[in-house]
Colleague: 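Pasting a structure here, questions to come.
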Amino acid sequence: MNPSAQTDTLSVDERSVRVTGFVPMRQLLQGIDVVVSSGGAGTVLAALGSALPMVLLPMGLDKPLNAERAAALGTAALVDSPEQVGDGVAKVLRNASFTTAAADAARQITTMNPADQVLSQLLELMP
């Protein structure tokens with residue numbers, strides 16, 4: 001949740017929803033089976049790096065492109081409306097190919113150069 005959000009006016013079922021401030025993504029992804037997101041780059045990359053399949057409802061900016069790429073990898077099911085999210089989650093949980101593709105993506109990510117090394121290499125190329 002946005003740190004500046006006013007949580008005192010939220011109406012949630014406290015048996016299944018916990019409202020909180022900022023939580024690091026690594027902690028949010030522990031112990032889950034599927035990520036549901038609007039397809040932001042940070043969430044998609046974190047899910048891929050954690051070998052987690054996704055259900056994505058892309059909404060604006062770069063999110064449709066991120067969602068299309070994740071779906072092309074086989075790591076995500078795409079939905080067009082919030083009402084379709086439940087069916088999307090059921091589809092991902094029923095079909096092991098999403099989890100397998102997410103694990104493959106995570107393995108590929110571990111073979112990539114870290115960002116600081118890439119930056120150093122790029123800086124070496126500059127005149």
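Index from 1, following the sequence. Note that these values count all heavy atoms, side chains included, but never hydrogens, waters or copies made by symmetry. Quick caveat: nothing in here was measured; it's all calculated off a predicted structure.
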Colleague: Can you tell me if S120 uses its side chain to pair, donor with acceptor, with the backbone of D116 under 3.5 Å?
Modeller: yes

Colleague: Rounded to the nearest 0.5 Å, how far does CZ of R69 lie from CG of L48?
Modeller: 11.0 Å

Colleague: Working to the nearest 0.5 Å, report the span between CG of D33 and CG of L93.
Modeller: 6.0 Å

Colleague: To the closest 0.5 Å, what do you measure between CD1 (I109) and CG (D104)?
Modeller: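 It is 11.0 Å, given to the nearest 0.5 Å.
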
Colleague: Minimum heavy-atom separation for A47 to V35, with atom names?
Modeller: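 A47 and V35 have their closest heavy atoms at CB-CG2, 3.9 Å.
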
Colleague: How close do A103 and A51 get, counting heavy atoms only, and between which atoms?
Modeller: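 Heavy atoms only, the tightest pair is CA-CB, 3.8 Å.
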
Colleague: Taking the side chain from Q117 and the backbone from N113, do they hold a donor-acceptor pair closer than 3.5 Å?
Modeller: no

Colleague: Between Q30 and R26, what is the shortest heavy-atom contact and its length?
Modeller: CG-O, 3.3 Å

Colleague: Could you tell me which non-hydrogen atom of P53 sits nearest to which non-hydrogen atom of A102, and how far apart they are?
Modeller: N-CB, 3.7 Å

Colleague: Heavy atoms, side chains only, cut-off 4.5 Å: are N66 and L56 in contact?
Modeller: no

Colleague: Same hydrophobic cluster for M54 and I32, using side-chain heavy-atom links shorter than 4.5 Å among ILVMFWY?
Modeller: yes

Colleague: Find out whether V44 and K63 are in side-chain contact, i.e. whether some heavy atom of one side chain is under 4.5 Å from a heavy atom of the other.
Modeller: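 Answer no - side chains too far apart.
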
Colleague: Do T75 side-chain atoms and A101 backbone N/O form a donor-acceptor pair below 3.5 Å?
Modeller: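 The answer is no, because no donor-acceptor pair under 3.5 Å joins these two groups.
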
Colleague: Are L119 and L125 grouped together when hydrophobic residues (ILVMFWY) are joined by side-chain heavy atoms under 4.5 angstrom apart?
Modeller: no

Colleague: For the hydrophobic clusters of this structure (ILVMFWY residues joined by side-chain heavy atoms under 4.5 Å, transitively), does one cluster hold both L45 and L61?
Modeller: no

Colleague: If you take all heavy atoms of P64 and G60, which pair is closest and at what distance?
Modeller: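 Minimum heavy-atom separation between P64 and G60: CD-O, 3.3 Å.
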
Colleague: Checking Q27 side chain against P24 main chain: does a donor-acceptor pair fall under 3.5 Å?
Modeller: no

Colleague: Would you check if L57 and P82 make a side-chain contact, meaning some heavy-atom pair closer than 4.5 Å?
Modeller: yes

Colleague: Should V36 and L52 be regarded as members of a common hydrophobic cluster, given that ILVMFWY residues are connected when their side-chain heavy atoms come within less than 4.5 Å of each other, either directly or indirectly?
Modeller: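 V36 does not cluster with L52.
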
Colleague: Heavy atoms, side chains only, cut-off 4.5 Å: are M25 and T43 in contact?
Modeller: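 Counting from C-beta outward, M25 and T43 do come under 4.5 Å.
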
Colleague: Can you give me the closest heavy-atom contact between V79 and P58, atom names plus distance?
Modeller: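 Taking every non-hydrogen atom into account, O-CD, 3.9 Å.
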
Colleague: Would F98 and V85 show up in the same hydrophobic cluster when neighbours are defined by side-chain heavy atoms closer than 4.5 Å?
Modeller: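 F98 clusters together with V85.
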
